[in-house]
Every structure is written in structure tokens, then in C-alpha cells.
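For reference, the structure discussed in these notes is given below.
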Amino acid sequence: TEKDVLWTGSDDGLIHVSRDGGKQWTNVTPPMAGQWMMWNCIETDHLKNGKAYIVGTKYKLDDYTPYVFKTEDYGKTWQKITNGIPSNHFTRCIRADKKRAGLLYCGTEYGLYISYDDGANWKPFQLNLPLVPITDLSIKNNDLIVATQGRSFWVLDDLSTAQQLDKSIATQSLFVYNINPAYRFDGYQNTHVSNAGMNPANGVVVNYFVKQISDSSKIEIKLRDKNNHLIRTYSNTTSNEQEKIEFSAGMNTFVWNMHYPDWGRSDNMIMWAGIGAGPKAAPGDYTLTIKLGNDSITKPFSIVANPSYKCTPADYEAQFAFLMEVGKSFNQIQNSIQQIRNLRQQMDDFKAKQGKACPKEILALCDSINKKITFIEEKFYQTKLKSSQDILNYPMQLNNKIANLYDYASSGNTAPTEQVRLAFKELSNEANPYLLSLKSIFNSEVKQLNALITKNALPIIVVKPIE
């Protein structure tokens, strides 16, 4: 942080410091370092002026002792800080955390070490890192980059959990770490990659600690936008597989892929376009609440725009609003198809159960309703499809067309074009009369059918709403 302060280590084992940009140098070699030290690394503290750490080795003299020294007064006094590093794990490099004072990372001939108390004590920090020489360390975008000798380089994504670690966490029933801003990127994480590094999770990463759980423990995670509107809810008890989560005692990680709830179901439907996931959240501020039993913690977080795209906040908001409008229209059509099929199934079951005893007027009305709803269903969905290639022979209908439109509008980071808006307006104008006609059938003819059934003291037909 001090631009005029310079440090250097020389081949003859000396350390010098300059506090005037290099005009004058002062020998500040630690007396306890001895002779013929090779200084591998000098690290200045990012949070305190005058503080620095140096790492030396003497392995070429058959001395494998770790040498790590700390000064807080520009080298006037030094302190050796190697407690916890084995006597034969000679040191190669050291880095000080950029956010948490006293958090240090040290590379040795036999792996990586970490200290939470400014070097007073060290402990291994291997995780899945091979036991190899650590030749250099660097911190970039709060990730720890580790260069090894013979095993390539490794990256420990996101140091925030280490930076926030505290002994008091283990005494709390529930603890949620601060949530880092998440970039709005495309892509995915392959969790089964072999012989290669695994990419970090694509989404909002939430780390939380649970002290203990039981078979009846229920956890719930709610996401809300800047206006406190609920986006979606995840839990361990929901029947929705898309929003079901698992958790355990100890550390847990939850990743929100930044998508709103999925759109209409496509059960038993063959389509060349399926909306599937809801729109991706626009850049902005959000909140997350984790509830476990009587404990509830809310944390703010932000989604950051992909810097590769020159898209304004207004463009993102416009795209999101349009996709929500298109998605709701698609949902309405999908739900209508489901209601049509439910109604048809109930009428068929009713007629089969009554058999020849079914009154003719009820049979006639069922046939009339079935013809009308089938006509509407065929406008909403191409019912002739039996395989994916059948679409080459039979044209797409409204649900597939709207799904295609949705895919186009969500394929980039930009506000919807005028052409996309006009196309959606045209499709909406085509779908609305059929939706109104279906509503009329439910409100009029299905009621008339139920009245006839009631008159004959038979079980009525119920049109259930689709969630």
C-alpha cells in the first residue's frame, strides 16, 4: 500500500528496504537467519504499513528447516513464525490475505499451510491438493492460485469462508456466511470431470453451517427480489425435484442458478422447443433467507452483469419483463391443455362406468364438449406427433411457437427487439380466442353437463385448477 517502500533480497543472503523509492537502502536482514540464506519470497502486508513477511531456504546446504520471518516496523525487528510447520518442510513462498488481517498462506516443499493468527500457529491446508512442492502463491479476485512443482497449478475458488471463519460459528445452531456477488454468466459446472480441473459453480453460491440435525429437521431457503417479492422457495421436504435440497450437519453449500421457477409442464408432449427453466434474474440486489427450525437468517447479495456485454440495466429489466410475459402465456396454454385432458379423461371414465345405462342426453353433451375441446387442444398443440421427427411432417402449433419465441428472446443479453414483440403479439391474438372459448365451455357446457348428471343422481365431473 506504500508506493515508495521497496523490499529486496540479494544472493548473499541479505534483505534490504528502501522507504524513498529506492534512493537509499537499509540492510534489515534478520539476525536469526544466519548466513547463505536464499530468500525465495517477500510479501508486504496489504492492511498494515511497515509489515512484511519473508521466506528463505537453505536446502542446498542440507538444511531443510522452514524459515519464515515477520516484521511490523520496516525490518528493525523480526520474529520467526514457523510453529506448526514440520522441521523438514522447508519453505518456498508466503502470501498475506488481502481482506482478513493475520490470515496467511505458506507454500513448503511438502504442501500448503495456513495460519489464522499471523503466523503464531500453522496447520496443513491440503484439501484435495496433492502433497507436492508449492513454488509460488498468488491471490486474484479472492481466489488462491497455487503453483506446484510437477502437478501443474491449482486454484482454490473463493477465500471468503476462510476469511470469515471464527470459533464462535461452531456454537451456533445456524450460521450463514456473507454471500459474494455472482456474475450473470452462461454455462454449467461438470461435477464428474476426470483428469481436469472442475469449474466453479455457475450461480449464487451460499455457504452455511448447521450445528446438528434430526430426522424431522426442515430447512427452507427463500429468495426475494429488491422489492421483497418471493422468487422461489427451496426445501428438503418439497415434492418439486427442481426445488428439493439436501443438507447435513456441518458445512453446506447451496447454489442458486439465478433462474426463476420453471414454466409449464410438457408431460407426454413432443416439442422442438421447450421453455423449461424460468428467466434468469436481472443484475441487481436480492436477499436470501435460510430458516431451520426456530432459527432464521437473512443475507443480502447482488447479481452482477457480465462485463463482456454492453447491456444497460434497463435492457436487462426489459428482457426479464418480456420473458415473464411470454412465459405466463406459455403456462396458460400448457395448463389449458392439461385441463382439457383432465376433462376428457373424466368424461371417458364416467361413460365407461355408466356403460349402457348412461342417459343419451349426457352422452350427446359429452361428445359435443369433447369435439370442441379437441379442436382447441389441436390449436394449442400438435397432437399428431408420435416422435421428434414428426414435426417435419406436421406443423408446430401455438405452444411450440411461443416456446421458440421465448428461446430467441432469452438467447442473448439485450432488450427484446421490435420484431420479437410483434411476433408475440400476433401469437397472443391467435391464442386468446381459443382461451376464451375454453373458458366458456367450462363455465357453460360443463356446468350444464354436471346439472344433467346431478339430475340423474350420478357423480359430477370436477374441473381442477392447474398450479
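Ser173 is listed as a side-chain neighbour of Asp295, based on a closest heavy-atom distance under 4.5 Å. Residues Ile114 and Leu104 fail the side-chain proximity criterion, which asks for heavy atoms closer than 4.5 Å. Under the 4.5 Å side-chain criterion, counting only non-hydrogen atoms from C-beta, Asn207 is in contact with Val205. Between Val326 and Tyr408, the closest side-chain pair of non-hydrogen atoms is not below 4.5 Å. Contact of the Asp186 side chain with the Lys280 side chain is registered, since non-hydrogen atoms from C-beta on lie closer than 4.5 Å. With a 4.5 Å cut-off on side-chain heavy atoms, Ile362 and Ile453 count as touching. Counting heavy atoms from C-beta outward, Phe153 and Thr148 have side chains that stay 4.5 Å or more apart. Between Leu288 and Ile179, the closest side-chain pair of non-hydrogen atoms falls below 4.5 Å.
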For residues 369-385, dump all side-chain donor-acceptor pairs below 3.5 Å to protein atoms at least two apart in sequence or in another chain.
unit_1	atom_1	unit_2	atom_2	d
Asn370	OD1	Arg344	NE	3.0
Lys372	NZ	Glu445	OE1	3.1
Lys372	NZ	Glu445	OE2	2.8
Thr374	OG1	Arg344	NH2	3.1
Thr374	OG1	Asn370	O	2.6
Glu377	OE1	Arg344	NH1	3.2
Glu377	OE1	Arg344	NH2	2.7
Glu377	OE2	Arg341	NE	3.0
Tyr381	OH	Ile270	N	2.8
Gln382	OE1	Lys384	N	3.3
Gln382	NE2	Pro395	O	2.8

I'd like a table of donor-acceptor pairs (distance under 3.5 Å, sequence neighbours excluded) in which one partner is a side-chain atom from residues 131-143, with atom names and distances.
unit_1	atom_1	unit_2	atom_2	d
Thr135	OG1	Ala147	O	3.3
Asp136	OD1	Arg95	NH2	3.0
Asn142	OD1	Gln163	NE2	2.7
Asn142	ND2	Gln163	OE1	3.3
Asp143	OD1	Asp158	N	2.7

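At distances below 3.5 Å, at least one donor-acceptor pair connects side-chain atoms of Glu2 with backbone N or O atoms of Gly50. Using modelled atom types, no side-chain atom of Ser440 and backbone atom of Leu436 make a donor-acceptor pair closer than 3.5 Å. Listed for the Ser336 side chain is a donor-acceptor partner under 3.5 Å among the backbone atoms of Gln332. Checking side-chain atoms of Thr171 against main-chain N and O of Ser168 turns up a donor-acceptor pair under 3.5 Å. No donor-acceptor pair closer than 3.5 Å links the side chain of Asn40 to the backbone N or O of Val55. For the pair Asn429 (side chain) and Lys425 (backbone), a donor-acceptor distance under 3.5 Å is present. Within the 3.5 Å criterion, the main-chain N or O of Gly278 finds a donor-acceptor partner in the side chain of His259.
The list of side chain to side chain donor-acceptor pair (under 3.5 Å) pairs with a residue in residues 298-320, not counting sequence neighbours, reads Asn178-Lys299, Thr289-Thr298, Asn306-Ser308, Thr312-Asp315. For the ring-ring contact (aromatic ring centres under 6.0 Å, His included) condition, the pairs that include at least one residue of residues 161-188, sequence neighbours left out, are Phe175-Tyr177, Tyr183-Phe185. Residue pairs meeting the side chain to side chain donor-acceptor pair (under 3.5 Å) criterion with at least one member in residues 211-230, sequence neighbours excluded: Ser214-Ser216, Ser214-Ser217, Lys222-Thr233.
Listed by chain and number, the residues in a salt bridge (Lys or Arg N to Asp or Glu O under 4.0 Å) with Glu243 are Arg232 (sequence neighbours excluded). In this view, Asp166 satisfies the salt bridge (Lys or Arg N to Asp or Glu O under 4.0 Å) rule with no residue, not counting sequence neighbours. Remark: Asp349 pairs with Gln345 by the side chain to side chain donor-acceptor pair (under 3.5 Å) rule, at least two apart or across chains. Legend: residues meeting side chain to side chain donor-acceptor pair (under 3.5 Å) with Thr91, ordered by chain and number and at least two apart, are absent. Not counting sequence neighbours, Lys401 has no partner by the salt bridge (Lys or Arg N to Asp or Glu O under 4.0 Å) test. Residues passing the side chain to side chain donor-acceptor pair (under 3.5 Å) test with Asn413, sequence neighbours excluded: Arg184. Lys51 is linked by a salt bridge (Lys or Arg N to Asp or Glu O under 4.0 Å) to Asp118, counting only residues two or more places apart in sequence or in another chain.
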For this session: I would like to know whether Tyr208 and Phe247 meet ring pair (Phe, Tyr, Trp, His ring centres under 6.0 Å); could you show each step before the answer?
Result: CA-CA 10 Å; Tyr208 62 98; Phe247 75 110; 7.3 Å; no

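Ring-centre distance between Phe322 and Phe424: below the 6.0 Å cut-off. In this structure, Phe254 has its ring center closer than 6.0 angstrom to the ring center of Tyr234.
Taking every heavy atom of both residues into account, Ala201 and Val255 meet most closely at CB-CG2, 3.9 Å.
Residue Gln164 qualifies as enclosed at atom CD: its count of foreign heavy atoms under 6.0 Å is above 12. For Asn294, the CG atom is loosely surrounded, since the number of other residues' heavy atoms within 6.0 Å does not exceed 12.
Side chain to side chain, Tyr286 and Trp256 fail the donor-acceptor criterion of an N or O pair below 3.5 Å. Side-chain contact check for Asn236 and Glu246: no donor-acceptor pair (N or O, by modelled atom type) lies under 3.5 Å.
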